[in-house]
Amino acid sequence: NSSNNGRLLQAMLNRVYMECNAPDSGRQVILLGGFAPFELSSRKAINIGDLCTSYGRLNLTYSNDFLELQFEKELAPDILFRLPAEFMPCEPEAFAAAGSGLWRLHQQQRYFSFAKE
């Protein structure tokens, strides 16, 4: 039935992008958290355009072990980004490592990119 279609679509989106409040660390954006490493290496590309988020619309592209995010609005500092551990930010000055696969944003910005090591 149609109500189940919405739940399936939400589950598929949550594999790529999810926001949450972690009790010990605050706001988090979880990226590619629903994929096993072998799934990402065999996937050619993921493209999501105009996804509505708490931070405005988002365009997300993943291809060739490279992840790009472009938000409609600038994100405030102290938001945590959680990614698979092998991803590193391409703008290291904008982030501080906060654990394995966990990066804390230091400065306001709306464009981010991460590359697989």
Side-chain angles (χ1 to χ4, degrees):
N1 75 31
S2 64
S3 66
N4 199 35
N5 290 342
R7 286 190 281 269
L8 287 173
L9 183 57
Q10 186 64 47
M12 289 169 46
L13 286 173
N14 286 347
R15 291 184 75 196
V16 178
Y17 177 92
M18 192 167 101
E19 296 174 8
C20 66
N21 262 330
D24 56 340
S25 55
R27 291 294 287 163
Q28 273 191 32
V29 173
I30 302 170
L31 300 165
L32 306 176
F35 291 93
F38 70 88
E39 286 181 287
L40 284 175
S41 58
S42 65
R43 185 170 295 269
K44 289 186 181 182
I46 299 170
N47 291 302
I48 298 175
D50 290 331
L51 177 65
C52 292
T53 73
S54 298
Y55 310 107
R57 294 185 185 274
L58 165 69
N59 292 319
L60 180 149
T61 303
Y62 170 78
S63 66
N64 299 321
D65 296 330
F66 188 73
L67 176 66
E68 290 182 281
L69 305 161
Q70 185 170 0
F71 288 89
E72 180 179 26
K73 301 174 184 173
E74 287 190 338
L75 275 64
D78 289 333
I79 293 174
L80 290 169
F81 284 80
R82 182 175 295 278
L83 293 97
E86 61 271 11
F87 281 86
M88 301 295 284
C90 295
E91 304 87 12
E93 67 282 352
F95 292 94
S100 178
L102 193 60
W103 301 92
R104 183 174 302 279
L105 183 62
H106 270 310
Q107 59 193 35
Q108 282 189 326
Q109 63 185 73
R110 56 187 289 262
Y111 175 80
F112 306 92
S113 56
F114 297 89
K116 205 172 183 183
E117 289 184 319

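This one's a predicted model, so the numbers in the text were calculated from it and none came from an experiment. If you read the sequence from its start, that first residue is 1, and numbering goes on from there.
Taking K116 as the reference, D65 meet the salt bridge (Lys or Arg N to Asp or Glu O under 4.0 Å) condition, with sequence neighbours excluded. Listed by chain and number, the residues in a salt bridge (Lys or Arg N to Asp or Glu O under 4.0 Å) with R27 are E19 (sequence neighbours excluded). Under the side-chain contact (heavy atoms from CB on, under 4.5 Å) criterion, D78 pairs with R104, sequence neighbours left out. N14 meets the side-chain hydrogen bond (donor to acceptor under 3.5 Å, both in side chains) test with Q10; sequence neighbours excluded. Residues satisfying the ring pair (Phe, Tyr, Trp, His ring centres under 6.0 Å) criterion with F95, sequence neighbours excluded, are F81, F112, F114. Every side-chain contact (heavy atoms from CB on, under 4.5 Å) that A115 has, sequence neighbours left out, goes to F66, C90. In this structure, the side-chain contact (heavy atoms from CB on, under 4.5 Å) partners of E72, at least two apart in sequence or on a different chain, are R57. Partners of R15 according to the side-chain hydrogen bond (donor to acceptor under 3.5 Å, both in side chains) rule, which considers only residues two or more places apart in sequence or in another chain, are E39. When the side-chain contact (heavy atoms from CB on, under 4.5 Å) test is applied to M88, the partners found at least two apart in sequence or on another chain are W103, E117.
Through side-chain heavy atoms spaced under 4.5 Å, either directly or across other Ile, Leu, Val, Met, Phe, Trp or Tyr residues, F38 is tied to no other residue. M18 belongs to a hydrophobic cluster whose remaining members, ordered by chain and number, are I30; membership requires side-chain heavy atoms of ILVMFWY residues under 4.5 Å apart, directly or through intermediates.
Follow the hydrophobic side-chain contacts under 4.5 Å out from L102 and you never reach F35; the two are in separate clusters. Hydrophobic cluster membership is shared by V29 and L83, with clusters built from Ile, Leu, Val, Met, Phe, Trp and Tyr side chains linked at under 4.5 angstrom. By the criterion of side-chain heavy atoms lying less than 4.5 angstrom apart, applied directly or through intervening Ile, Leu, Val, Met, Phe, Trp or Tyr residues, Y55 is grouped together with L31 in one hydrophobic cluster. Placement of L69 and Y111 in two distinct hydrophobic clusters is found when ILVMFWY residues are connected by side-chain heavy-atom separations under 4.5 Å, directly or transitively.
Between atom CG of residue L32 and atom OH of residue Y17 there is a gap of 12.5 Å, rounded to the nearest 0.5 Å. Residue N47 holds its CG atom at 7.0 Å from OG of S63, rounded to the nearest 0.5 Å. In this structure, L58 CG and L51 CG are separated by 5.5 Å, a value rounded to the nearest 0.5 Å. For the atom pair CG of L60 and CD of Q70, the computed distance is 11.0 Å after rounding to the nearest 0.5 Å. Atom OH in Y62 sits 8.5 Å away from atom CG in L67 (nearest 0.5 Å). We find the CG-CD1 distance between L105 and I79 to be 6.5 Å, quoted to the nearest 0.5 Å.
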Item to complete: Start with the C-alpha gap between V16 and I48, add the side-chain angles, then the distance that decides, and say whether side chain to side chain contact (heavy atoms under 4.5 Å, CB included) holds.
Response: CA-CA 9 Å; V16 178; I48 298 175; 3.7 Å; yes
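A donor atom on one side chain and an acceptor atom on the other are found under 3.5 Å apart for Q107 and Q109.
Atom CG of N21 sits in a crowded spot, with more than 12 heavy atoms from other residues, nucleotides or ligands closer than 6.0 Å.
Every pair passing side chain to side chain donor-acceptor pair (under 3.5 Å) that includes a residue from residues 82-96 is listed here, sequence neighbours excluded: Q28-R82, E91-S113.
Using a 4.5 Å heavy-atom threshold, the side chains of L8 and N4 count as touching.
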